[in-house]
There are 2 protein chains.
Amino acid sequence: MPKILRINTRTREYRLEDMGPYLGLGGRALTSRLVLNEVPATCHPLSKENKLVIATGILSGTRAASSGRISVGAKSPLTLGIKEANSGGQFSQKMAKMDIIGIVLEDQPEADAPLVTIAITKDGIAFHDASQFTFTRTYATAEALQKQFGDKSAAMLIGPAGETLRQSASIQFTDTKYRPARAAGRGGMGAVMGSKRVKAIVVDDTGAAGVTYADDEAFKTASKRWAEILRGHAVTGQGLPGYGTAILVNVINEAGALPTKNFRDGRFQWAADVSGEKMTELMEKRGGKVREGCHTGCAIQCSQTFVDEKGKYLTSGLEYETVWALGPNSMIKEIDEIAKMDHICDDIGLDTIEMGNTVAVAMDGGLLPWGDAKAAQELLNRVADPKDPLGRIVGNGTAFMAEAYGVTRVPVVKRQALPAYDPRAVKGVGVTYATTPMGADHTAGYAVCQNVLKCGGDVNPHNKAGQVETSKALQIATAAIDASGLCLFVAFAVLDTPDGMQTICDMITARTGQKTTPDDVAALGTSILKDEYEFNRRAGFSAADDQLPDFFKEPLAPHNVSWDFTVEELQGAKA
Amino acid sequence: MPKILRINTRTREYRLEDMGPYLGLGGRALTSRLVLNEVPATCHPLSKENKLVIATGILSGTRAASSGRISVGAKSPLTLGIKEANSGGQFSQKMAKMDIIGIVLEDQPEADAPLVTIAITKDGIAFHDASQFTFTRTYATAEALQKQFGDKSAAMLIGPAGETLRQSASIQFTDTKYRPARAAGRGGMGAVMGSKRVKAIVVDDTGAAGVTYADDEAFKTASKRWAEILRGHAVTGQGLPGYGTAILVNVINEAGALPTKNFRDGRFQWAADVSGEKMTELMEKRGGKVREGCHTGCAIQCSQTFVDEKGKYLTSGLEYETVWALGPNSMIKEIDEIAKMDHICDDIGLDTIEMGNTVAVAMDGGLLPWGDAKAAQELLNRVADPKDPLGRIVGNGTAFMAEAYGVTRVPVVKRQALPAYDPRAVKGVGVTYATTPMGADHTAGYAVCQNVLKCGGDVNPHNKAGQVETSKALQIATAAIDASGLCLFVAFAVLDTPDGMQTICDMITARTGQKTTPDDVAALGTSILKDEYEFNRRAGFSAADDQLPDFFKEPLAPHNVSWDFTVEELQGAKA
């Protein structure tokens with residue numbers, strides 16, 4: 001039976017517990033329920049009362065394709081609401097194979113206590129001094145951790161941003177090559193980890209028994225069908241493997257929904273130069289690598305190794321949202337420079353979406369020129385210096401930067417910056433930005449599917465009709481997927497495949513022995529959202545917080561669309 | 001009939017309007033109603049949709065003693081809720097004598113438009129280029145304005161903090177000696193003025209008809225009695241004139257409620273060195289001046305001219321709350337250094353209460369040593385440099401500083417810093433901090449009266465019993481006083497004098513011709529609060545925002561008292 005590992009970061013006591021009231025929950029279902037139950041909603045998110053919850057999904061560690069996602073939850077220092085940030089990487093599968101479904105970091109040592117690495121191996125839990133990594137970037141730290149703990153281990157770690165408690169600090173997860181290139185990026189989870197003085201957690205599943213199945217044969221059958229479904233769909237079987245998520249650059253630009261110059265335009269003149277097609281062309285020419293999984297056992301393989309002209313490593317896991325945030329939104333058009341910025345963010349431990357918006361807002365405030373990649377890189381690098389006040393501003397994200405420089409065009413919801421889809425031209429995802437308890441987040445209900453990609457339905461992206469219902473259904477389904485450990489990208493295939501959802505249910509049933517139906521999955525998604533609403537209500541959120549900033553009432557070129565939902569209409573999207 | 005002067009700061013059009021729906025309202029009643037009616041609650045406070053409303057009270061400009069207060073209202077850039085900040089100075093009486101009860105600054109020019117001074121004289125409204133005052137401090141600016149517009153004028157103006165849109169920017173008002181030493185300090189009203197590119201408003205009432213009275217004789221009788229009441233009470237007749245508001249240093253320290261070292265202790269070892277008694281002793285020895293009114297016609301005269309050892313001017317209007325904020329709360333014990341810090345705040349245009357808390361939080365974050373006055377002065381001075389990122393952090397106040405440096409001990413409610421009374425040892429004022437729509441504000445319901453000074457009742461400051469009721473009644477009465485233009489300090493005398501409230505009613509009746517009873521006054525106070533609650537509700541506030549930070553659950557020495565109100569109990573204090 002999966003266990004929860006509770007670690008007191010002050011006393012260094014730990015215990016492996018039965019799941020008790022959390023039995024049957026995984027991933028986001030577990031992080032959100034535990035945060036609701038155990039974290040006082042009005043506590044300071046960097047105080048000892050907050051808890052950092054790391055949870056694998058119900059299907060993580062199994063043979064199910066693309067099931068290696070991990071959820072990180074806490075009260076967010078950025079939004080001050082509940083947060084689940086989701087990441088790929090090797091950590092989840094190894095943790096699940098050790099039969100640990102949740103790790104809970106509790107309490108905190110003194111603010112100037114030495115950093116620590118927590119190692120989880122067959123020998124138990126060990127605390128290693130990590131003071132030598134103080135303010136060390138994540139790539140150098142990961143390299144040292146790999147040497148220290150071996151190639152069989154996987155790590156989750158923070159960079160200088162997490163140590164200095166920046167509200168945009170990510171937790172980076174190592175990938176199949178021990179590169180800390182996968183991130184639980186959003187909402188400052190790295191700052192919560194930093195507030196507990198934990199630099200890294202390392203897990204090595206050598207000698208672990210692996211996950212068990214209630215019905216091994218049934219699982220084999222279902223997981224085989226599952227792999228077929230993923231490989232058979234155009235998006236998960238061809239588009240994403242061939243071009244990564246950046247295949248969306250041209251698609252979203254064509255839709256007039258690529259936010260340009262801090263959300264002033266829906267098209268970017270140089271979109272083709274930063275597109276997935278261009279990236280693939282360059283990688284093939286330069287000797288990079290297209291088609292990598294962020295974790296072993298992924299059937300989609302949307303990651304990559306991106307290199308410069310001389311074949312030198314620049315970054316990997318360069319996603320569409322990152323390309324957009326650090327590119328078109330700041331008028332930066334050189335893909336190599338964008339790749340370097342992605343690397344800087346990963347290396348310092350910063351959320352790329354938040355940082356792209358922060359740079360654009362800083363440009364709006366006159367701090368650096370539009371389109372100046374070198375100046376933007378320099379600005380991001382300042383976050384690594386704990387003594388630099390401007391670095392502290394940058395590291396706190398978009399709303400904070402705007403307040404520091406008096407910028408009134410601030411694309412945030414619940415203080416979290418908007419992702420790569422202009423909500424005026426993709427209204428369904430705008431409804432999600434406004435109403436998800438997470439703050440502006442495309443992954444919480446990716447209505448780009450029905451609005452633009454025409455997966456799972458066809459809703460006119462410029463009209464209000466059908467958007468609230470679409471977003472609501474997606475938010476419920478997404479919450480459930482985030483509990484399973486499956487990658488959200490499976491949704492493209494599931495939405496278009498009649499037996500898609502049933503196959504997921506079959507896998508869960510065969511894994512747990514609990515018969516699970518599509519109705520159960522929907523009920524789970526709803527209950528997760530209700531937990532999250534309740535936490536936010538206690539923390540002081542109200543319907544007025546479920547809105548986009550006023551400036552989205554301005555019309556957006558080229559389609560001359562504007563944001564026109566009322567507070568009351570938006571409430572309809574809540575589960 | 002009093003008029004409202006509306007000025008479009010973009011087009012420079014203006015018009016004098018009848019009061020229309022605002023008929024009968026003055027001061028805070030006018031600012032709050034107008035902001036509720038005309039400012040979208042979710043707008044960005046620094047956008048063109050916000051309005052800055054400057055309103056004199058119903059009794060301002062009359063012969064009533066101590067009636068020269070002024071209200072400044074807007075959506076606050078600090079709290080993001082509704083705000084009324086109240087100030088003395090010469091502006092209110094002169095404005096009232098020109099029969100203008102409200103000035104509304106609307107819209108805004110481009111962010112880089114030249115600054116302007118708006119002059120209101122018998123010749124009409126004129127816009128004067130003020131670009132020569134860009135980033136000029138208020139004392140130098142006021143000196144130039146006095147030369148430009150003459151001794152008969154009075155000014156309200158902003159310093160560099162307002163121009164750079166700092167969330168703690170004050171609006172400074174000139175006193176009887178044209179010193180910009182009086183402040184509408186709280187909630188960043190100076191930033192709203194700065195966002196409209198207005199450096200100063202100057203009013204010269206030369207040639208104005210003055211206020212009219214519905215019953216001149218009745219007003220004479222009532223106002224004579226009014227002056228007797230103020231002069232006859234120990235606090236308004238002796239304590240405040242003799243020692244200024246800093247007479248409270250020893251009183252509150254004795255009560256164990258003087259917040260020390262960022263609210264860690266209730267007593268300050270060096271309280272006597274920074275007391276009102278000490279200040280008076282020094283002023284008498286050095287040739288300063290005790291007993292000055294902040295405006296002509298004040299019977300209380302709690303202001304002063306504070307000079308250094310050589311008799312050189314340091315500051316004036318050095319209040320108890322300022323002494324505390326810039327002194328004991330940061331462990332600074334030299335009164336001359338505190339006076340210099342007050343001057344720096346006035347000169348840059350910063351709220352002293354917010355700045356004192358900001359300095360203490362910066363000390364908690366290790367940015368400068370506890371008790372280091374020179375370092376604190378240097379920190380404050382950085383706000384005057386628009387290119388200094390740390391200055392921008394400081395100028396945004398306590399919560400912002402805490403977020404920048406990861407400090408979790410953050411004494412704010414609704415992001416506004418707490419004033420000079422520890423809420424654990426003066427629970428009544430804690431209830432006010434938590435529940436007033438203004439954010440933590442002692443003036444909104446000064447339960448220190450009943451809790452410590454034993455004016456108007458006797459409530460045990462350490463017990464919960466009676467506090468909610470006391471705070472509620474005071475919040476209602478205060479809102480009404482803030483609509484009258486009377487100084488809040490009249491409350492000491494009014495609470496202890498049987499015909500105190502009736503005398504105020506008699507003056508209002510004789511001034512307006514509208515028969516006004518104590519019940520009418522209470523109803524007015526309630527309606528003001530309800531306007532403010534409604535704005536905040538629309539802006540997204542909920543009951544969860546009506547609380548103190550969690551750290552006040554810690555016991556406070558020397559009385560070992562802690563904060564123990566529930567959310568539900570606190571809601572009882574709302575009108």
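We name chains A, B, ... by the order of the sequence lines, and we start the count at 1 in each one. Note that the coordinates shown come from a computational prediction; the quantities given were computed from them, not determined experimentally.
- Atom OG1 of B/T408 is separated from atom CG of A/L165 by 9.0 Å, given to the nearest 0.5 angstrom.
- The shortest heavy-atom contact between B/G406 and A/R166 is N-NH2, 3.9 Å.
- Neither the backbone nor the side chain of B/V567 comes within less than 4.5 Å of any heavy atom of chain A.
- For NZ of A/K48, the number of neighbouring non-hydrogen atoms (other residues, nucleotides, ligands) closer than 6.0 Å is 12 at most.
- How far CD1 of A/I393 is from CZ of B/R392: 8.0 Å, rounded to the nearest 0.5 Å.
- If you measure heavy-atom distances from B/L46 to chain A, the contacts under 4.5 Å come from both the backbone and the side chain.
- Only the backbone of B/A539 comes within contact range of chain A, with heavy atoms under 4.5 Å apart.
- When the candidates B/G540, B/A404, B/G194, B/P549 are compared by the number of heavy-atom contacts under 4.5 Å with chain A, B/A404 comes out ahead.
- To the nearest 0.5 Å, atoms CD (A/E403) and CG (B/L78) are separated by 9.0 Å.
- For the pair B/P389 and A/Y405, the minimum side-chain heavy-atom distance is below 4.5 Å.
- Contacts of B/T164 with chain A are absent, with no heavy-atom separation under 4.5 Å from either backbone or side chain.
- Contacts of B/F551 with chain A are absent, with no heavy-atom separation under 4.5 Å from either backbone or side chain.
- Atoms NZ and CG, from A/K387 and B/L390 in turn, are 12.5 Å apart once rounded to the nearest 0.5 Å.
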